[in-house]
Enquirer: 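Below is a structure I'd like to ask you about.
Note: hydrogens, waters and symmetry copies are ignored here, and every other heavy atom, side chains too, is used. We count residues from 1, following the sequence as given.
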Amino acid sequence: MAASDAERAQQQIDEIEALSSIYGEDWCVVDEDEKIYCIKINDCLDQPKWTLCLQVILPPGYPTAEPPIYQLNAPWLRGQDYMELANSLEEIYVQNLGESILYLWVEKIREVLIEKAQSSDPEPDIKKTSEEVDEDDGGDFLLDYQPIQEDSIKMLNYSTSESQEVDEELPSIHHGTPITDRRSTFQAHLAPVVTPRQVKRVLEKLCENKKIASATHNIYAYRIYCEDKQTFLQDCEDDGETAAGGRLLHLMQILNVHNVLVVVSRWYGGILLGPDRFKHINNCARNVLVEYNYVPSVEESSKQAGKSKKIRKDNKKRTEH
């Protein structure tokens, strides 16, 4: 096991050194200890029109057992553009399981930017502020189109020691309804958080509960919106359940939730569940987020969609008359 860990660590070192050499000033080390890196990518024009910042966190299991945790930042990236690009990156990962893929990701993103520059797409409105984005696109992915500022590549360099001075209060902790399948039990726990220190305090508090502390896995993910930097501080932990933390964080990104920590405890019952375990982890997390009003329920979403559809029909009738 130790040899495997050492081999993965060496693979990461080799890949980072190669990328640093290839991309020069566009490559940036955000936090060496936490393995957080960032690269600025553009469309290769003399005066680039389309740019994007790719930030990655390399978990201990990368590249052989875990995918990189990534974040895409560009003021124009939203909706369909986001989904298509994210799907392309995930497809590259699936096609190259166990291999180093950051170079492939960067060049795929560059290919997309070059295609945009060569197409008839209007140039991105880089002057648009995050407040305007919130008003126009409240249902989209806030994570992925925050304005890129000069210090954006340092956005996760947000130390716990600084946050200790901001807020030491232990947030309220809520517990979701357990899900049991083939003797394995899953239960989600949720807490509102605004600083990394609060995340640490909640985790410590949960572990004071003997039942939670004895869980086979305590998987967690959190997202905190930093107003001053106009970006997200986020992290996740598998706790031995490979890739579960990254999947949980991805769910929270899709749901566009922020200032919240979700922990999912799993008590293994002796029967392997296969991919179903990830379904239960995500279902537990989504249920508790719905229960405490971080995301609308399916019924509420359907009602809202129905109202919007009715309004569009009424407007169309008025136009025809």
Enquirer: Within a strict 4.5 Å, meaning less than it, do heavy atoms of the L89 and L72 side chains meet?
Expert: yes
Enquirer: Just checking, K49 and W76: is the charged tip under 6.0 Å from the six-membered ring centre and within 45° of the axis?
Expert: no
Enquirer: Would you confirm whether T195, through its side chain, and Q198, through its main-chain N or O, come within 3.5 Å as a donor-acceptor pair?
Expert: yes
Enquirer: Assess the residue pair V260 and L190 against the criterion (side chain to side chain contact (heavy atoms under 4.5 Å, CB included)); give the C-alpha distance rounded to whole Å, side-chain angles, the decisive distance to 0.1 Å, and a yes or no.
Expert: CA-CA 7 Å; V260 64; L190 175 150; 3.7 Å; yes
Enquirer: Below 4.0 angstrom, N of the basic side chain to O of the carboxylate: do D81 and K116 qualify?
Expert: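 A salt bridge links D81 with K116.
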Enquirer: Should the pair W27 and Y37 be assigned to parallel (<30°), tilted (30 to 60°) or perpendicular (>60°) ring geometry?
Expert: parallel
Enquirer: Before accepting this row, confirm whether a basic side-chain N of the pair D239/R266 lies closer than 4.0 Å to the acidic partner's carboxylate O.
Expert: no
Enquirer: Could you check whether any side-chain heavy atom of I57 comes within less than 4.5 Å of a side-chain heavy atom of E34, counting everything from C-beta outward?
Expert: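 They are not in side-chain contact.
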Enquirer: For a side chain to side chain donor-acceptor pair (under 3.5 Å) check, start with the C-alpha distance between E91 and N87, then their side-chain angles and the critical distance, and finish with the verdict.
Expert: CA-CA 6 Å; E91 184 176 333; N87 288 340; over 6 Å; no
Enquirer: Taking all heavy atoms of A65 and all of T242, pick out the closest pair and write down the distance.
Expert: O-CG2, 3.0 Å
Enquirer: List the steps and the verdict of salt bridge (Lys or Arg N to Asp or Glu O under 4.0 Å) for D276 and R182.
Expert: CA-CA 11 Å; D276 283 351; R182 286 164 279 179; 2.8 Å; yes
Enquirer: Classify the angle between the aromatic ring planes of H189 and H175 as parallel (below 30°), tilted (30 to 60°) or perpendicular (above 60°).
Expert: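 H189 vs H175 ring planes: perpendicular.
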Enquirer: Considering non-hydrogen atoms only, spot the tightest contact between G245 and C236 and give its length.
Expert: O-CB, 3.4 Å
Enquirer: Is I13 close to E17 at the side-chain level, that is, under 4.5 Å between some pair of heavy atoms?
Expert: yes
Enquirer: I need the minimum non-hydrogen distance between L113 and W50, along with the two atoms involved.
Expert: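 Result for this residue pair: CD1-O, 3.7 Å.
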Enquirer: For E107 and R110, run salt bridge (Lys or Arg N to Asp or Glu O under 4.0 Å): C-alpha distance rounded to whole Å, both residues' side-chain angles, the deciding distance at 0.1 Å, then the answer.
Expert: CA-CA 5 Å; E107 292 310 308; R110 194 184 309 281; 3.5 Å; yes
Enquirer: Which heavy atom of G61 sits nearest to which heavy atom of E66, and what is that distance?
Expert: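 Closest heavy-atom pair between G61 and E66: N-OE2, 2.8 Å.
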Enquirer: Give me the atom names and distance for the closest heavy-atom approach of V262 to L289.
Expert: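 Looking at all heavy atoms of both residues, the closest pair is CG2-CD2, 3.9 Å.
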Enquirer: If you define the side chain from C-beta out and look only at heavy atoms, does anything of L255 sit under 4.5 Å from Y294?
Expert: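 No - every pair of side-chain heavy atoms lies 4.5 Å or more apart.
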Enquirer: Could you tell me whether the side chain of D181 reaches within less than 4.5 Å of the side chain of H280, counting heavy atoms only?
Expert: yes
Enquirer: What is the minimum heavy-atom distance between A243 and D238, and which atoms define it?
Expert: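 Heavy atoms only, the tightest pair is N-OD2, 3.2 Å.
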Enquirer: Quick check against the 3.5 Å criterion: does N209 have a side-chain atom that pairs as donor or acceptor with the backbone of K211?
Expert: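 Flag set: sc N209 to bb K211 pair under 3.5 Å.
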Enquirer: Does a donor on one side chain and an acceptor on the other come within less than 3.5 Å for N218 and S265?
Expert: yes
Enquirer: Y62 and E15: side chain to side chain donor-acceptor pair (under 3.5 Å), yes or no, with the steps?
Expert: CA-CA 11 Å; Y62 174 81; E15 183 177 25; 2.9 Å; yes
Enquirer: Whether the side chain of R277 engages the backbone of G274 through a donor-acceptor N/O pair (distance < 3.5 Å, no angle test) should be reported.
Expert: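 Checking the backbone N and O of G274 against the side chain of R277, a donor-acceptor pair under 3.5 Å is found.
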Enquirer: Side chain of N259, backbone of Y225: donor and acceptor closer than 3.5 Å?
Expert: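 Flag set: sc N259 to bb Y225 pair under 3.5 Å.
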Enquirer: Under a 3.5 Å distance rule, please check whether S88 uses its side chain to pair with a backbone N or O of E84 as donor and acceptor.
Expert: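 Pair found, side chain donor or acceptor close to backbone of E84.
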Enquirer: Between E204 and R201, does at least one N-O distance fall below 4.0 Å, as a salt bridge requires?
Expert: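 Result for this pair is no, no salt bridge flagged.
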Enquirer: In terms of relative ring orientation, are Y70 and W105 parallel, tilted or perpendicular, with 30° and 60° separating the classes?
Expert: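 Perpendicular: the ring planes of Y70 and W105 meet at over 60°.
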